[in-house]
Protein chains: 2
Amino acid sequence: MPRRSFQHAPEGVRRQDLINATLDCIAEQSLQGATVRQIALRAGVTAGLIRYYFPGKDELVHAAYRETMNRMTGQAKALADDHAHREKATPRQHLEFFVKTSLSPPVVDARTLSLWASFVSLIHVDPEMAEIHKESYLAFRNEVERLIAAVFADEGRPAPKAELARSAIAINAIIDGLWLEGCLAGDIFGENDLVAIGIKAVNAVLKPREDNQP
Amino acid sequence: MPRRSFQHAPEGVRRQDLINATLDCIAEQSLQGATVRQIALRAGVTAGLIRYYFPGKDELVHAAYRETMNRMTGQAKALADDHAHREKATPRQHLEFFVKTSLSPPVVDARTLSLWASFVSLIHVDPEMAEIHKESYLAFRNEVERLIAAVFADEGRPAPKAELARSAIAINAIIDGLWLEGCLAGDIFGENDLVAIGIKAVNAVLKPREDNQP
DNA sequence: CGGCTATTTATGCAATTGTATAATTTCAGC
DNA sequence: GCTGAAATTATACAATTGCATAAATAGCCG
């Protein structure tokens with residue numbers, strides 16, 4: 001009885017295939033559907049191979065979480081930077097591009113939400129997941145803070161460290177929230193509705209403190 | 001060999017016990033830890049009983065999801081209404097109370113986030129979960145819309161239906177997002193930081209269209 | 001207090017799970 | 001072409017899963 005034939009995959013690609021297969025499984029069938037056998041099937045290998053590349057299934061899920069967050073932040077940043085560079089944008093426009101890319105496809109996407117929610121549900125269960133969350137959260141927020149600092153500098157506005165951090169946290173929260181809403185109820189938002197709301201809210205948060213009146 | 005003794009539970013309480021036990025399991029160990037045996041253990045009964053009260057485990061999870069969302073919206077609304085009533089608040093203040101209660105404990109809570117994320121991860125897997133999401137989302141948004149309509153009426157401002165819906169969607173998104181952020185990174189927000197950001201952003205969205213400048 | 005029904009426990013089962021281990025195949029270097 | 005290490009498959013296993021069924025208990029109505 002001959003075994004099925006196979007090939008040695010080049011450096012790193014098998015590992016990446018397994019991560020991608022894991023993401024497919026989680027997105028389509030939730031964590032409970034992401035079994036070693038299903039994952040292996042999707043990746044076109046057999047289940048045992050998973051433990052050749054990862055100590056266990058948990059570590060594969062950790063890698064999948066990292067991958068997801070890196071993709072999200074990476075996409076938002078790359079698209080915004082590119083756009084800003086082409087149009088020789090002011091720092092304020094650059095920030096708005098970032099808001100826009102964060103609130104448009106492919107960052108806003110139902111599948112990504114399913115993945116994200118699955119991972120978040122493990123944050124209080126698995127300490128390593130909590131660590132990954134913390135890291136990826138800070139990576140995104142630092143990006144926001146850099147953009148805000150540039151705006152303040154460009155507009156000759158004093159930027160005390162605390163004020164900067166406060167703004168970054170607030171804007172990060174607004175982007176996250178609108179992102180969530182866009183993924184959850186994508187169909188009710190037109191092309192740029194979400195972006196318009198986001199920019200309006202971000203500008204409100206960036207205003208100096210005094211004018212809190214409606 | 002005598003069996004363990006037991007009591008007949010009064011109308012509905014056993015069912016509720018099972019739902020609560022399910023929520024405990026999901027919050028502490030994620031969906032994968034919410035097995036019929038674990039749930040039964042928590043509820044102080046044996047596993048078979050679950051299928052006396054529910055057709056299957058899936059339906060128990062559905063009930064747990066409904067319960068979670070009803071509690072969240074219910075708490076936010078009840079606390080805000082109560083507060084507004086005591087202080088004879090204006091509609092605008094009432095809306096701000098609603099933002100405040102939505103962005104404070106017990107609505108903002110790490111455990112609730114774990115539950116919510118677990119359920120959301122099933123929305124694209126299980127059509128019934130999608131339906132529950134839709135219903136609970138609309139229930140919350142309608143509440144927001146009612147509050148906004150009162151603000152517009154009170155301030156003698158025209159409130160075309162489309163404008164009202166647009167504002168409700170936007171404000172709902174902002175509240176959801178800040179709620180998310182508060183649950184995820186609760187420790188970095190002071191008592192009222194989140195509320196302040198929320199009210200600022202909500203007011204910005206409520207402003208008439210013209211002034212979009214920073 | 002005796003019986004009847006709703007409630008609850010107990011047990012078993014086939015399917016699935018992650019992991020461990022051994023056997024096989026591929027392929028780069030000689 | 002050989003050879004040996006690296007990559008992959010195959011099989012087995014104990015544990016766990018949701019569910020079905022049968023037996024037992026509780027407690028209300030008469």
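In the text below, chain A, chain B and the rest are named by the order of the sequence lines, each starting its count at 1. Computed from heavy atoms alone, side chains included, the values below leave out hydrogens, waters and symmetry copies.
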**Message:** Using OP1 and OP2 only, check whether a side-chain N or O of Tyr52(B) sits under 4.0 Å from dT9(C).
**Reply:** no
**Asked** Atom CG in Leu138(B), atom CD in Glu143(B): separation rounded to 0.5 Å?
**Response** 13.0 Å
**Prompt:** Which residue pairs pass the salt bridge (charged side-chain N to carboxylate O under 4.0 Å, His left out) test with at least one member in residues 13-22 of chain B, sequence neighbours excluded?
**Reply:** none
**Asked** Hey, is the main chain of Thr112(B) close enough, under 3.5 Å, to the side chain of Asp109(B) for a donor-acceptor pair?
**Response** yes
**Prompt:** Does one side chain, of Arg92(A) or Asn203(A), offer a donor that lies under 3.5 Å from an acceptor on the other?
**Reply:** yes
**Complete:** Rounded to whole Å, the CD-C1' distance (Gln7(B) to dC28(D)) equals 15 Å
**Item:** Side chain of Ala9(B) - closest among dA10(D), dT8(C), dA7(D)
**Value:** dT8(C)
**Message:** Can you measure Leu49(B) atom CG to dA20(D) atom C1' for me and round it to whole angstrom units?
**Reply:** 15 Å
**Asked** Counting side-chain heavy atoms from C-beta on, which of dT26(C), dT9(D), dT9(C) comes nearest to His8(A)?
**Response** dT26(C)
**Item:** Interatomic distance where CD1 belongs to Ile39(B) and P belongs to dC19(D) [whole Å]
**Value:** 11 Å
**Message:** Can you measure Arg14(B) atom CZ to dT9(C) atom C1' for me and round it to whole angstrom units?
**Reply:** 12 Å
**Asked** In whole Å, what is the span from the CD atom of Glu11(A) to the P atom of dC27(C)?
**Response** 16 Å
Would you mind writing out the side-chain donor-acceptor pairs for residues 30-40 of chain A within the sub-3.5 Å range, not counting sequence neighbours?
| from | atom 1 | to | atom 2 | distance (Å) |
| --- | --- | --- | --- | --- |
| Ser30(A) | OG | Gln32(A) | N | 3.3 |
| Thr35(A) | OG1 | Gln38(A) | N | 3.1 |

**Asked** With respect to the phosphate group of dT8(D), does any side-chain polar atom (N or O) of Arg3(A) fall under 4.0 Å of OP1 or OP2?
**Response** no
**Request:** May I ask you to evaluate whether Tyr53(A) reaches the phosphate of dA7(D), defined as a side-chain N or O under 4.0 Å from OP1 or OP2?
**Result:** no
**Prompt:** In whole Å, what is the span from the CG atom of Leu31(B) to the P atom of dG18(D)?
**Reply:** 11 Å
**Item:** Euclidean distance, atom CG of residue Leu18(A) to atom C1' of dT9(D) [Å, nearest integer]
**Value:** 14 Å
**Prompt:** Roughly, in whole Å, what's the span from CD1 in Ile50(A) to P in dA7(D)?
**Reply:** 17 Å
**Prompt:** Under 3.5 Å, side chain of Trp179(A) to main-chain N/O of Ser102(A), donor-acceptor pair present?
**Reply:** no
Each nucleotide N or O in nucleotides 16-19 of chain C that has a protein N or O under 3.5 Å away: list the pair and distance.
| from | atom 1 | to | atom 2 | distance (Å) |
| --- | --- | --- | --- | --- |
| dG18(C) | OP1 | Lys57(A) | NZ | 2.8 |
| dG18(C) | OP2 | Val36(A) | N | 2.9 |
| dG18(C) | N7 | Arg37(A) | NH1 | 3.0 |
| dG18(C) | O6 | Arg37(A) | NH2 | 2.9 |
| dT19(C) | OP2 | Lys57(A) | N | 3.1 |

**Prompt:** Do the rings of Trp116(A) and Trp116(B) sit parallel, tilted or perpendicular, given the 30° and 60° boundaries?
**Reply:** perpendicular
